[in-house]
Amino acid sequence: MIKNLVIVESPAKARTIEKFLGKDYTVMSSMGHVVDLSKKDLSVDIENGFEPKYEISPDKKKVVTNLKKSARDAEWIWLATDEDREGEAISWHLVNALKIKEDKTKRIVFHEITKTAIDEAIKNPRQIDKNLVNAQQARRVLDRLVGYELSPLLWRKVKPGLSAGRVQSVAVRLIVEREEEIRNFKKTSSYRITAQLILKEGKGQKIVNAELPKRFKTKEEALEFLKSCQGAKFKVDKVEKKPAQKSPAPPFTTSTLQQEASRKLGFSVANTMRIAQNLYESGKITYMRTDSVNISKMAMAQASQEIKSLYGDEYVRTRQFRTRSKGAQEAHEAIRPTFMNKRQVEGNVQEKRLYELIWKRTLASQMAEAKIEKTNVDISISTSKEKLVAKGEIIKFDGFLKVYLEGRDDDEQEEKAGVLPPLKKGDELDLKEMLATERFTKHPPRYSEASLVKKMEELGIGRPSTYAPTISTIQKREYVVKEDRNGEFREYDYISLQGDKISEQKKKEMSGVEKGKLFPTDLGTLVNKFLMQFFNNIMKYNFTAKVEKEFDEIAAGDKKWNKMIGEFYSPFHDKIQETAEKTKKFSGERLLGKDPESGKNVFAKIGRYGPMVQIGDTESEEKPKFAGMRKGQSIETITLEEALKLFDFPRSIGEYEGKELTVNIGRFGPYVRHDNQFFSLKKEDDPAGIGQERAIELIEEKRKKASENTIREFDKDKKVKVLKGRYGPYIKIGRKNFKIPKDQDPEKLSLEDCYKIAEDPKNTPRKRYRKKK
DNA sequence: CAGTGAGCGAGCTTCCGCTTGACTT
């Protein structure tokens, strides 16, 4: 017999709370939502006030059965789900799914898992807030309507299996538009003047680095300036000292954890969440899906204690941070170590590193500001009215910097102001070298997974529990790809003035290197174009913020949820119908020009198998010619010349062993074909230039490898082979592979042995899990 | 694993937010 049944959302939370509550309380978890709209169909009754048709989620049947059993004979049921819209709905769903009377339930909430917070919560039960539940219904129904009406439209107009939604489509838009900005970006260059000056100090000398605040637009101007400095005298004109302060960053939320783990540890967003989940489940950190920067009084006291014992009293400065992110619901604490005095944890390397990051961030957040002294020194030039400026920075008191400094996104690290030698007005300086270096403006940066999350949070789009899944969805749909791109060398001018001598050089630097950045695909660009054209309001960056405001009104009881949905739905649905009827297939066709040979139009567009180019109109009598695009080419950027080149294949390049050699470009890239066999070209091979000699090389190379990997062959049955593979030896019969049992020696297998092994179903490969798109 | 770009048309695909395992390769 259970006296009190407490239901929370997470099992790890249940374990902790049970310890605080004593033996009169049994704590169980719902594992999140237990009730939802059916996945199979719309499950919203449009005619009847958008009444949702709920069902117990298939994967929660067991959970519900167990909860029901315990709830039946419990005296009181305490609904302790999170204090936000979704949590309130979960409580309401539980009441219905467990078929319990509402007067047997008490709704309680807490934002932190500490004994005091829980005791306090138990003392202040309330009833379920139906308005808040309705706000959640509105959110759920809106997302369903948008997702389940837009996606099928895309299947018809663009390609089957695609998807669209309030969150994912805007995420794709951000990436597509950033790429457009980058494409339209015109880089310009300017000339930056820097100088190394020498301060004589008794016997020794000190270097002072200075820079001209202004830049020159042209090389001529820069050169002119350097010339004007030939033989000039340099003198300290003004020394200005200013104190400054630096404050620590707030404790981690999901989004900031993802960003820092990406910047400092190179973790992907999904990886960070997986590791954090492990740390949470083993009780090392607090909950990892949160938008709150608050930490409990207890944690604050522990942090303060820890700082004191490690660094001393003057390093302690506890503070509570205020959230600045849009739509934060703050049902949890910030992400912090459960025990601040635990500086390291057991676990694998990644867990250790992530924990250390969380520990440092939390500790630093309760430490004193760093005190800095900034120095600006103006240096006059006897031959010019321009002045050089030297900047210095001294840390007077390191404070939180002793432990942790937040990383930055911009890859060009700001030139760090170092320590300046002591300078005073009137000091004379000798010029060691003055440089004019050509610098280029940079296009806005492409998004990484983590910086996309940051942007989404700023816009109030998505929630801590969905950032990682959304990013994987838009990649799974092939709207965007995460890629590295090689940079290119570019030349820049480097002009030096040393003594009285001016010398000019061209130097080379790498530019445009991208690592782990998100690029839109042609499909993503196309879907975005479609949605922007016909469903502009949903694609607006403030659409979510706008509906959130209405959800708040519903939660406050000022608006009926189905009225709000009705106002949205009717124009939306009209547009869906209109688009379905009036538009043709959306292929993103772009006219590149005319084919000089035939005079026909050349297009780039998306076909059934991806981006392609086409010579001739689709409507014309004569069938157009088609060719697939190469990797790295895109509808938006391909030129007429590049497109025409794609029609030069297949190309005959001679023969070998009496059989013809041809080069072609297939689904998996360029290849050489010989005697009905395929040989992929290497990265460095150019399909347009490759000749017979190189083709033979490729063939021989592949043959050699194959023979090295062959353990046994049989003259009687050429289809049967024993081969060495990535996972060890295996048998190949025709196109099928078979495992070799551990007790058999692959070197000694006879043909009969092979047949026997192949017959045993134990050795047949498992049905390959087909990649879902 | 490799050429296609549409034509028959069954049956399938899809949203966001809350939460964990149970599973391969």
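Only this structure's heavy atoms are used, side chains among them; waters, hydrogens and symmetry mates stay out. Numbers restart at 1 for each chain; the letters A, B, ... are given by sequence-line order, proteins then strands.
Under the stacking definition used here (centres under 5.5 Å, planes under 30°), the residue A:F626 fails to qualify as stacked on the base of B:dT4. Ring-to-base geometry does not place A:F678 in a stacked arrangement with B:dC1 (centre distance under 5.5 Å, plane angle under 30° required).
Checking the phosphate oxygens (OP1, OP2) of B:dG3, no side-chain nitrogen or oxygen of A:R651 falls inside 4.0 Å. Considering only side-chain N and O atoms, A:S10 lies under 4.0 angstrom from the phosphate OP1 or OP2 of B:dT20. Note on A:K159: every side-chain N or O is 4.0 Å or more away from OP1 and OP2 of B:dT13. Phosphate proximity of B:dC15 to A:S163: present, with a side-chain N or O under 4.0 Å from OP1 or OP2. Contact check, A:Y287 against B:dT19: a side-chain N or O comes under 4.0 Å of OP1 or OP2.
Taking the C1' atoms as reference points, B:dT13 lies 16 Å from B:dG9, given to the whole Å. The same atom, P, is picked in B:dG17 and in B:dG21; the two are 23 Å apart, to the nearest Å.
Set against B:dC18, B:dC15, B:dT20, the side chain of A:D84 has B:dC18 as its closest nucleotide. The nucleotide whose nearest atom lies closest to any side-chain atom of A:Q168 is, among B:dT14, B:dT20, B:dG17, B:dT14. Closest to the A:P152 side chain, of the nucleotides B:dG3, B:dT20, B:dT14, is B:dT14. For A:P11, the listed nucleotide lying nearest its side chain is B:dT19; candidates were B:dA6, B:dT19, B:dT14. Comparing B:dC16, B:dT14, B:dA6 by their closest approach to the side chain of A:R477 singles out B:dT14. Comparing B:dT20, B:dC16, B:dT14 against the side chain of A:D143 picks out B:dC16 as the nearest. Side-chain atoms of A:R140 lie closest to B:dC16 of the nucleotides B:dC16, B:dT14, B:dA6. For A:W155, taking side-chain heavy atoms from C-beta onward, the closest of the listed nucleotides B:dT13, B:dA6, B:dT19 is B:dT13. Here the side chain of A:E9 is nearest to one of B:dG5, B:dG3, B:dC18, namely B:dC18. Distance from the side chain of A:R166 is smallest to B:dG17 among B:dC15, B:dG17, B:dG5.
The aromatic rings of A:F535 and A:F530 sit tilted, their planes meeting at an angle between 30° and 60°. Ring geometry, A:F678 versus A:Y671: the interplanar angle exceeds 60°, so the pair is classed perpendicular (tilted spans 30 to 60°).
Looking at A:R140 and A:D36, a side-chain N of the basic residue comes within less than 4.0 Å of a carboxylate O on the acidic one, giving a salt bridge. A:D685 has a carboxylate O that lies under 4.0 Å from a charged side-chain N of A:R694, or vice versa, which qualifies the two as a salt bridge. Under 4.0 Å is where a charged nitrogen must lie from a carboxylate oxygen, and between A:K284 and A:E351 no such pair does.
With rounding to whole Å, A:K62 atom NZ is found 16 Å from B:dT19 atom C1'. Put simply, NZ on A:K476 is 14 Å from C1' on B:dC16, counting in whole angstrom units. Here the C1' atom of nucleotide B:dT4 and the NZ atom of A:K625 are 16 Å apart, to the nearest Å. Protein atom CE of A:M28 is 15 Å distant from nucleotide atom C1' of B:dT19, rounded to whole Å. The interatomic distance linking A:K623 (NZ) with B:dG3 (C1') rounds to 12 Å, in whole Å. With rounding to whole Å, A:Y280 atom OH is found 11 Å from B:dT20 atom C1'. Look at CG on A:L162: it is 14 Å from C1' on B:dC15, rounded to the nearest Å. In this entry the distance linking CZ of A:R85 with C1' of B:dG17 reads 10 Å, nearest Å.
As judged by a 4.0 angstrom heavy-atom cut-off over every strand, A:D59 is placed among residues making no nucleic acid contact. Contact annotation for A:A89: no contact, since no heavy-atom pair falls under 4.0 Å across all strands. Among the atoms of the strands shown, base atoms are found under 4.0 Å from some heavy atom of A:K40. Within the 4.0 angstrom heavy-atom criterion, no nucleotide atom of any strand lies near A:V146. Across all strands, A:T662 comes closer than 4.0 Å to no nucleic acid atom at all (heavy-atom distances). Within 4.0 Å of A:G165, counting heavy atoms only, lie sugar-phosphate atoms of the nucleic acid but no base atom. A:S680 comes within 4.0 angstrom of a nucleotide base, judged by non-hydrogen atoms across all strands.
In DNA chain B, no run of at least 3 Watson-Crick or G-U pairs (N1-N3 plus N6-O4 or O6-N4, or N1-O2 plus O6-N3, all under 3.5 Å) shows up, so the stem list is empty.
For A:H111, the ring-ring contact (aromatic ring centres under 6.0 Å, His included) test picks out no residue, with sequence neighbours left out.
Under 3.5 Å, the side chains of A:S163 and A:S151 contain no donor-acceptor pair of N or O atoms. Looking only at atom types and distance, the side chain of A:T618 has a donor-acceptor partner in the side chain of A:Q614 under 3.5 Å away. A donor-acceptor contact under 3.5 angstrom links the side chains of A:E660 and A:S652, judged on distance only.
Heavy-atom contacts from other residues, nucleotides or ligands closer than 6.0 Å to CZ of A:R156 number 12 or fewer. For A:K702, the NZ atom is densely surrounded, since the number of other residues' heavy atoms within 6.0 Å is greater than 12.
Within residues 456-472 of chain A, the residues that have a heavy atom under 4.0 Å from DNA chain B are, in order of number, A:G462, A:R463, A:S465, A:T466.
Rounding to the nearest 0.5 Å gives a distance of 9.0 Å between CZ of A:F603 and CG of A:L592.
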